[in-house]
Amino acid sequence: MVRALSLAPSLAGPLLRMHFHDCFVRGCDGSVLLDSANKTAEKDAQPNQTLRGFGFVERVKAAVEKACPDTVSCADILALIARDAVWLSKGPFWTVPLGRRDGSVSISNETDALPPPTSNFTVLTQLFAAVNLDAKDLVVLSAGHTIGTSHCFSFSDRLYNFTGMENPSDIDPTLEPQYMMRLKSKCASLNDNTTLVEMDPGSFKTFDTDYFKLVSKRRGLFHSDGALLTDPFTRAYVQRHATGAFKDEFFADFAASMIKMGNANPLTGSQGEIRKKCSVVNH
């Protein structure tokens, strides 16, 4: 991980995201990594088409297998990589509980369980509750957006098509106007499928509390970021940490919520298997 992130620091966000996308569908079982000949696996679904780092995960798995065959699951590797991605981006460190096994089922339409960036607060809390995460976990884990980038299409409806009118004045009134103009200068239309935008402008390679500063100023990139201001509890958390005065507290909260998420319905003991290669089942 040290070598990979020194060569490609922008990989930290995607690797954290991959663990998140794994755990929300069938629990943390490595199902997001499986290939499918007829393109019906989780990785083929629309929310996962922008995931990056599959080749890197396979390289890690190959090195682990060489050193310690048939012992460490792909699901555990995802959990460890996510932790290291945060730590190496100057975020918190935590001890990852290990012993997950890999599942053998990966179904693209089950990715409906993933919280879309377009979600309001009600939808977010329902999807988080389905994996035993509460409102505090929601606001804490949303701050994973402090590292990484996003494609314009994940939020461009806020700029051009907020109520379905598809014109430049159809904007999201909750987005801070200057930030809106800056985003429009980067994402020129609803049809921009290639441009990447920093989720935490200015420090998108550093895991810090700046995410909360942005959200508190109505500069959160996604609907789901802005939605944190619509609930009294999550709004208070955002405003407290927007001050930057409680970094250690936030880091401890983030570590605790990551451990909790990583405990979402794991396969253990004789369930599942330990895949030799992360993209294919053993049998």
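Nothing here was measured: the structure is a model prediction, and the numbers come from that model.
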S.K.: Checking side chain to side chain contact (heavy atoms under 4.5 Å, CB included) between R219 and each of Q178, M180, K213, which is the one that passes?
M.R.: Q178
S.K.: Does atom CH2 of W87 have more than 12 heavy-atom neighbours, drawn from other residues, nucleotides or ligands, at distances under 6.0 Å?
M.R.: no
S.K.: Let me see the working for D29 and Q271 under side-chain contact (heavy atoms from CB on, under 4.5 Å), right down to the final yes or no.
M.R.: CA-CA 10 Å; D29 68 342; Q271 302 168 301; over 6 Å; no
S.K.: Assess the side chains of S279 and E58: does a donor N or O sit below 3.5 Å from an acceptor N or O?
M.R.: yes
S.K.: State plainly whether one hydrophobic cluster holds both L51 and I147, where clusters connect Ile, Leu, Val, Met, Phe, Trp and Tyr through side-chain heavy atoms under 4.5 angstrom apart.
M.R.: no
S.K.: Pick from I81, L78, D84: which one makes a side chain to side chain contact (heavy atoms under 4.5 Å, CB included) with V60?
M.R.: I81
S.K.: Could you give the distance from CZ (F246) to CZ (F212), rounded to the nearest 0.5 Å?
M.R.: 12.5 Å
S.K.: Parallel, tilted or perpendicular: which one describes the rings of H241 and Y237, with boundaries at 30° and 60°?
M.R.: tilted
S.K.: Can you list every disulfide bond (SG atoms under 2.5 Å apart) pair that touches residues 48-84, not counting sequence neighbours?
M.R.: C74-C278
S.K.: Quick check: closest heavy atoms across A113 and L127, and the distance to 0.1 Å?
M.R.: O-CD2, 3.6 Å
S.K.: How many angstroms lie between atom CG of L88 and atom CE of M1, to the nearest 0.5 angstrom?
M.R.: 6.0 Å
S.K.: Check for me, please, whether V96 and L15 land in the same ILVMFWY cluster - side-chain distances under 4.5 Å, paths through other members count.
M.R.: no
S.K.: Under the salt bridge (charged side-chain N to carboxylate O under 4.0 Å, His left out) test, which residues partner D172, sequence neighbours left out?
M.R.: R158
S.K.: In Å and rounded to the nearest 0.5 Å, what is the OG1 to CG distance from T95 to L80?
M.R.: 10.5 Å
S.K.: Using a 6.0 Å distance limit plus a 45 degree cone around the ring axis, check whether K43 lies over the aromatic ring of F54.
M.R.: yes
S.K.: Quick check against the 3.5 Å criterion: does D170 have a side-chain atom that pairs as donor or acceptor with the backbone of M165?
M.R.: yes
S.K.: Between the side chain of S73 and the main-chain N/O of R100, is any donor-acceptor distance below 3.5 Å?
M.R.: yes
S.K.: Verify, without hydrogens or angle tests, whether Q49 (side chain) and D44 (backbone) share a donor-acceptor contact under 3.5 angstrom.
M.R.: yes
S.K.: Taking R3's backbone N and O only, do any of them form a donor-acceptor pair with S6's side chain (distance below 3.5 Å, no angle check)?
M.R.: yes
S.K.: Ignoring hydrogens and geometry, is there a side-chain-to-backbone donor-acceptor pair from T111 to N109 under 3.5 Å?
M.R.: no
S.K.: Please check: side-chain N/O of S106 versus main-chain N/O of E42, any donor-acceptor pairing under 3.5 Å?
M.R.: yes
S.K.: Check whether D225 reaches the backbone of F222 with its side chain - one donor and one acceptor, N or O, closer than 3.5 Å.
M.R.: yes
S.K.: Output yes when a side-chain donor or acceptor of R218 lies under 3.5 Å from a complementary backbone atom of T174, and no otherwise.
M.R.: yes
S.K.: Would D134 and K260 count as a salt bridge (Lys or Arg N to Asp or Glu O under 4.0 Å) here? Give the steps.
M.R.: CA-CA 10 Å; D134 59 24; K260 196 171 163 188; 3.5 Å; yes
S.K.: Please report the shortest heavy-atom distance between E198 and G202, naming the atom on each side.
M.R.: OE1-N, 3.2 Å
S.K.: Looking only at heavy atoms, what is the nearest atom pair of I274 and K61, with distance?
M.R.: CG2-NZ, 3.9 Å
S.K.: Distance from K205 atom NZ to S10 atom OG, nearest 0.5 Å?
M.R.: 6.5 Å
S.K.: Would L228 end up clustered with L214 when hydrophobic side chains under 4.5 Å apart are linked, directly or stepwise?
M.R.: no
S.K.: Taking all non-hydrogen atoms of both residues into account, name the closest pair between K276 and N282 and its distance.
M.R.: N-OD1, 2.9 Å
S.K.: So, F128 versus F24, ring centres under 6.0 angstrom or not?
M.R.: yes
S.K.: So if I apply the side chain to side chain contact (heavy atoms under 4.5 Å, CB included) rule between I77 and each of D102, V72, L98, L33, which one comes out positive?
M.R.: V72
S.K.: Indicate if F204 and F155 have the same hydrophobic cluster label, given that clusters are the connected sets of ILVMFWY residues with side-chain heavy-atom separations under 4.5 angstrom.
M.R.: no
S.K.: How far does OG of S104 sit from CD of E273, to the nearest 0.5 angstrom?
M.R.: 6.0 Å
S.K.: So does P168 get a backbone contact from the side chain of K184, meaning a donor-acceptor N/O pair under 3.5 Å?
M.R.: yes
S.K.: Between Y160 (side chain only) and A188 (backbone N and O only), is there a donor and an acceptor less than 3.5 Å apart?
M.R.: yes
S.K.: Establish whether L5 and F207 are linked, either directly or via other cluster members, by ILVMFWY side-chain heavy-atom contacts under 4.5 Å.
M.R.: no
S.K.: Please round to the nearest 0.5 Å and tell me the distance separating atom CG of N265 and atom SG of C28.
M.R.: 8.0 Å
